[in-house]
Amino acid sequence: MKEIKNILVTGAVGQIGSELTLALREKYGAENVIATGRKTEPSKELKESGPFHFIDVNSVESVEEIIKKYDIDTIVHMAAILSAVGEKNPTLAWDVNMNGTLNILNLGVKYEMARVVVPSSIAVWGPGTPAVAPQDVALHPTTMYGVTKVCGEILADYYVKKYNLDSRGLRYPGIISSETLPGGGTTDYAVAIYYEAVKNRQYTCFVREDTRLPMMYMPDCLKATIDLMEAPFENLKRHNDYNVGSMSFTVKDLADSIKKVMPDFTVSYEPDFRQAIADSWPDAVDDSAAREDWGWNPSFDLDSMTKDMLEKLQARHDKGLL
Ligand code: AKB
């Protein structure tokens with residue numbers, strides 16, 4: 001297994017990418033983790049803690065320039081169009097998620113990368129999937145985002161077999177975090193609810209209160225991504241489609257958890273087109289393969305996440321930063 005030294009993160013301005021970049025800089029050295037984004041300005045912290053460049057994963061030249069400049073040996077490919085935005089613009093979702101991923105995989109082969117990480121999502125599943133999604137089950141997504149994630153997994157597995165590229169991926173559940181807001185997913189309500197609780201003590205949710213989905217707190221998401229990236233290749237019985245579970249709760253469970261800390265918090269419900277997307281995804285996932293192959297073991301549950309989220313957001317709100 002080749003050594004990881006110089007890492008390129010695509011989609012580094014996004015919800016996961018922004019925190020993952022900082023965690024990787026902590027571990028691999030700030031100058032060795034190159035953050036990249038397409039359009040959105042990076043935060044001060046992201047920009048000042050190490051190299052940042054604008055690139056477009058659909059322009060091979062722009063990615064290749066960074067690979068050569070920094071002698072990149074590992075790509076963590078976080079750039080993606082998520083489910084809700086993808087339904088508004090399916091062609092854009094295909095272009096960024098599929099052609100962008102194909103470019104990254106081809107560059108991975110060309111530059112003999114030590115590792116390429118291509119995340120997937122619970123969006124690979126569709127209606128009819130068992131409530132607790134097994135590791136291996138038919139994949140029939142009903143969103144363009146899900147279609148691209150299924151194709152991306154299969155494509156990356158093909159590159160492992162055909163070109164010996166060490167590509168790895170995991171199926172993220174909804175990710176909850178306090179630093180960067182998610183951009184255009186269906187599970188965004190599980191983040192917005194905390195912000196609105198702190199700011200207004202009230203939240204209007206775009207899915208019903210009985211909507212149950214698999215979720216994960218950001219510290220566990222960072223751990224899962226880095227642990228899989230670093231796992232010995234010979235331990236991996238699969239490559240680009242590891243289920244990773246952490247918690248599963250309804251919006252009502254989430255609201256009740258917040259009410260334990262803020263008794264005056266209220267939620268109302270106005271379901272929109274994202275309800276059908278949420279309804280097509282499973283409640284929870286069976287992640288025994290990840291636990292067995294690379295020791296996956298999450299730390300946070302709903303109440304410990306709520307306590308941490310509310311403390312962090314309240315502190316920012318008190319300083320006028322929210
Ligand atoms: C989305 O809601 O689109 C994403 C995901 C589950 O991958 N957060």
Side-chain angles (χ1 to χ4, degrees), residues 10-11 13-20 76-90 92-94 96-98 100-101 117-127 129 132-133 139-153 156 169-195 205-208 211-218 220-222 224-225 228 240-251 254 271-285 287 298 305 309:
T10 71
V13 185
Q15 184 200 12
I16 304 176
S18 57
E19 291 199 50
L20 186 59
V76 181
H77 180 42
M78 305 304 297
I81 301 290
L82 300 183
S83 57
V85 170
E87 284 318 280
K88 300 234 183 256
N89 196 341
L92 176 71
W94 178 269
V96 173
N97 298 0
M98 285 320 309
T101 299
V117 178
V118 183
S120 184
S121 158
I122 54 166
V124 293
W125 292 297
T129 304
V132 180
L139 303 174
H140 295 299
T142 48
T143 61
M144 180 54 106
Y145 175 60
V147 169
T148 64
K149 286 296 164 188
V150 173
C151 296
E153 289 181 356
L170 65 182
R171 292 170 172 161
Y172 287 136
I175 304 297
I176 294 152
S177 64
S178 57
E179 303 307 306
T180 306
L181 283 167
T186 300
T187 58
D188 293 10
Y189 66 84
V191 180
I193 195 170
Y194 286 108
Y195 277 74
C205 188
F206 57 76
V207 294
R208 286 187 319 268
T211 305
R212 178 183 287 280
L213 285 173
M215 298 281 179
M216 184 183 286
Y217 194 31
M218 184 60 91
D220 280 326
C221 170
L222 301 179
T225 311
L228 175 61
N240 292 286
D241 61 358
Y242 276 103
N243 288 1
V244 280
S246 172
M247 12 175 159
S248 161
F249 51 76
T250 63
V251 187
L254 178 54
D272 65 17
F273 73 100
R274 289 168 282 192
Q275 184 68 56
I277 303 177
D279 289 346
S280 76
W281 293 346
D283 295 353
V285 307
D287 60 3
M305 171 175 75
M309 277 293 283

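If you read the sequence from its start, that first residue is 1, and numbering goes on from there. Numbering of ligands and ligand atoms starts at 1, following listing order.
Using a 4.0 Å cut-off between heavy atoms, Ile175 makes no contact with ligand 1 at all.
Considering backbone and side-chain atoms together, Ser83 places an N or O closer than 3.5 Å to an N or O of ligand 1. Checked by distance only, ligand 1 and Tyr145 come closer than 3.5 Å through their nitrogen or oxygen atoms. At a 3.5 angstrom cut-off on N or O pairs, Thr186 counts as close to ligand 1.
In summary, the atoms of ligand 1 found under 4.0 Å from a heavy atom of Leu82, numbered by their order in the structure, are 3 (O). For ligand 1, the atoms closer than 4.0 angstrom to any heavy atom of Ser121 are 5 (C), 6 (C), 7 (O).
Residues Met218 and Ile16 form a side-chain contact, since some pair of their non-hydrogen atoms from C-beta on lies under 4.5 Å apart. The side-chain heavy atoms of Val117 and Met78, taken from C-beta on, include no pair separated by under 4.5 Å.
If you check the side chains of Ser177 and Gln15, you find a donor sitting under 3.5 Å from an acceptor. Between the side chains of Thr180 and Glu19, no donor-acceptor pair of N or O atoms lies under 3.5 Å.
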Exercise for review: Test Asp283 against Val132 for side-chain contact (heavy atoms from CB on, under 4.5 Å), laying out the working first.
Suggested key: CA-CA 6 Å; Asp283 295 353; Val132 180; 5.9 Å; no

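Using a 4.0 Å cut-off between charged nitrogen and carboxylate oxygen, Arg171 and Asp287 do not count as a salt-bridge pair.
When only non-hydrogen protein atoms are considered, atom 8 (N) of ligand 1 lies nearest to Thr187 OG1, 2.9 Å.
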